[in-house]
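Notes for the one structure printed next.
For the numbers below, each heavy atom of this structure counts, side chains included, while hydrogens, waters and symmetry mates do not. By convention in this document, chain letters (A, B, ...) are assigned in the order of the sequence lines, proteins followed by strands, and residues within each chain are numbered from 1.
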2 protein chains.
Amino acid sequence: MNAIDRLKNKGIKKTAHRLMFINILQKSAVALTEEDIKQDMGELYDRITFYRTIQTLLSAGIIHRIVIDNKNVKYALSEIAFRNHQHMHFFCKICHTVACIGEVPSYDYGLPTGYKGEEYEVLIKGICPNCG
Amino acid sequence: MNAIDRLKNKGIKKTAHRLMFINILQKSAVALTEEDIKQDMGELYDRITFYRTIQTLLSAGIIHRIVIDNKNVKYALSEIAFRNHQHMHFFCKICHTVACIGEVPSYDYGLPTGYKGEEYEVLIKGICPNCG
DNA sequence: GTTCAAATGAAACATTGTTTCATTTGCTTT
DNA sequence: AAAGCAAATGAAACAATGTTTCATTTGAAC
């Protein structure tokens with residue numbers, strides 16, 4: 001789905017800033033940091049608009065925020081959302097790339113009685129093929 | 001192990017601020033936010049010292065930072081570290097409590113060829129017994 | 001094209017992260 | 001116990017990030 005349709009689907013206005021934001025994520029195979037996206041935007045980047053664009057796209061469900069730890073926060077389009085949606089994710093300790101590596105195996109995780117599990121996230125940290 | 005021994009073990013000075021920080025975590029069954037700890041500290045709290053205490057205790061390995069998402073960051077003593085060390089963790093969507101719920105099952109997670117997994121983290125989000 | 005609600009971007013303010021440095025504290029040696 | 005020294009503290013100040021306000025501009029519906 002293209003950027004225009006993504007916005008139209010959610011009934012929010014298609015502005016230059018939002019379209020560029022989505023297009024940058026669309027072109028990337030991996031999740032991107034704010035800095036990555038900012039760089040790609042060049043002079044269209046504006047700090048306040050950027051801040052609000054993230055909020056808008058997040059609450060519209062068009063993008064997802066992926067928090068590995070307090071120093072590694074990334075964004076991805078919801079289709080290829082790395083955390084949530086029962087996907088497993090791999091974080092490379094060297095290049096800090098986040099990759100989706102398939103579905104969370106659905107088997108018994110042994111949740112104690114009383115707990116109601118709704119989302120299962122598996123994050124594997126290690127060395128990716130490029131760095132290994 | 002008590003707070004004094006924890007510091008002595010790592011060869012760092014036992015100061016009032018550090019001892020109080022560790023004791024607060026020690027008394028808690030769940031991981032705590034900065035705000036939680038700050039509240040417990042009362043007037044001994046100091047913003048800059050607190051910031052540095054966290055850095056010191058983290059790099060000494062006495063405490064661990066647990067990042068659920070960008071709005072939920074918690075701290076726990078390393079023994080009961082919730083993420084890392086192959087523990088599974090449960091995050092309650094209602095009360096935002098983080099609880100350790102046992103070991104990560106060691107079975108084949110199906111890591112694609114080329115990837116070298118070193119740490120496996122499982123985070124289950126849902127409703128805890130208190131809120132369910 | 002006109003209209004109106006929504007988005008923008010400038011300014012300003014709030015919060016959090018971090019460094020600098022003079023003072024104090026904890027720990028070692030005597 | 002006292003002295004000496006390196007480390008920790010806390011005040012000040014600065015940097016980076018998060019957020020609101022408001023006048024202006026833009027997108028989309030008519």
5'-most contact on DNA chain D: Ile12(B) or Ala16(A), nearest heavy atom basis?
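Of the two residues, Ile12(B) wins.
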Distance check needed: [N] [atom2] versus [X] [atom1], whole Å only.
| X | N | atom1 | atom2 | value |
| --- | --- | --- | --- | --- |
| Leu44(A) | dT8(C) | CG | C1' | 11 Å |
| Leu58(A) | dG18(D) | CG | C1' | 14 Å |
| Asn70(A) | dT17(D) | CG | P | 13 Å |
| Phe21(B) | dT9(D) | CZ | P | 12 Å |
| Leu7(B) | dA7(D) | CG | P | 16 Å |
| Phe50(B) | dA8(D) | CZ | C1' | 16 Å |
| Ile48(A) | dT24(D) | CD1 | C1' | 15 Å |
| Glu35(B) | dT16(C) | CD | C1' | 13 Å |

State which of [options] makes the closest approach to the side chain of [X].
| X | options | value |
| --- | --- | --- |
| Lys13(B) | dG10(D), dG17(C), dC27(C) | dC27(C) |
| Arg52(B) | dC21(C), dA5(C), dG17(C) | dC21(C) |
| Asp46(A) | dA10(C), dG27(D), dC27(C) | dA10(C) |

Would you say Arg52(A) and His17(A) make side-chain contact, with heavy atoms under 4.5 Å?
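No, every pair of side-chain atoms sits at 4.5 Å or beyond.
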Aromatic rings [X] and [Y]: how do their planes relate, parallel, tilted or perpendicular, breaks at 30° and 60°?
| X | Y | answer |
| --- | --- | --- |
| Tyr115(B) | Phe90(A) | perpendicular |
| Tyr120(B) | Tyr109(B) | tilted |
| Tyr75(A) | Phe21(A) | perpendicular |

For DNA chain C, whose closest nucleotide is more 5', that of Glu34(B) or that of Lys14(B)?
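The residue closer to the strand's 5' end, by nearest nucleotide, is Glu34(B).
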Under 4.0 Å between a side-chain N/O of [X] and OP1 or OP2 of [N], yes or no?
| X | N | result |
| --- | --- | --- |
| Thr15(A) | dT8(C) | yes |
| Tyr51(A) | dT19(D) | yes |
| Thr49(B) | dG10(D) | yes |

For residues Ile22(B) and Leu44(B): do they belong to one hydrophobic cluster (side chain heavy atoms under 4.5 Å, members Ile, Leu, Val, Met, Phe, Trp, Tyr)?
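Yes, it is one cluster - the side chains of Ile22(B) and Leu44(B) are joined through contacts under 4.5 Å.
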At less than 3.5 Å, do the side-chain atoms of Arg47(B) and the base atoms of dG17(C) form a donor-acceptor pair?
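Yes, the side chain and the base share a sub-3.5 Å donor-acceptor pair.
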Side chain Arg18(A) and base dG27(D) donor-acceptor under 3.5 Å:
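Not at all, since no donor on one side and acceptor on the other fall under 3.5 Å apart.
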So Lys71(B), base contact, sugar-phosphate only, or nothing? Heavy-atom distance under 4.0 Å.
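Sugar-phosphate, backbone atoms only, no base.
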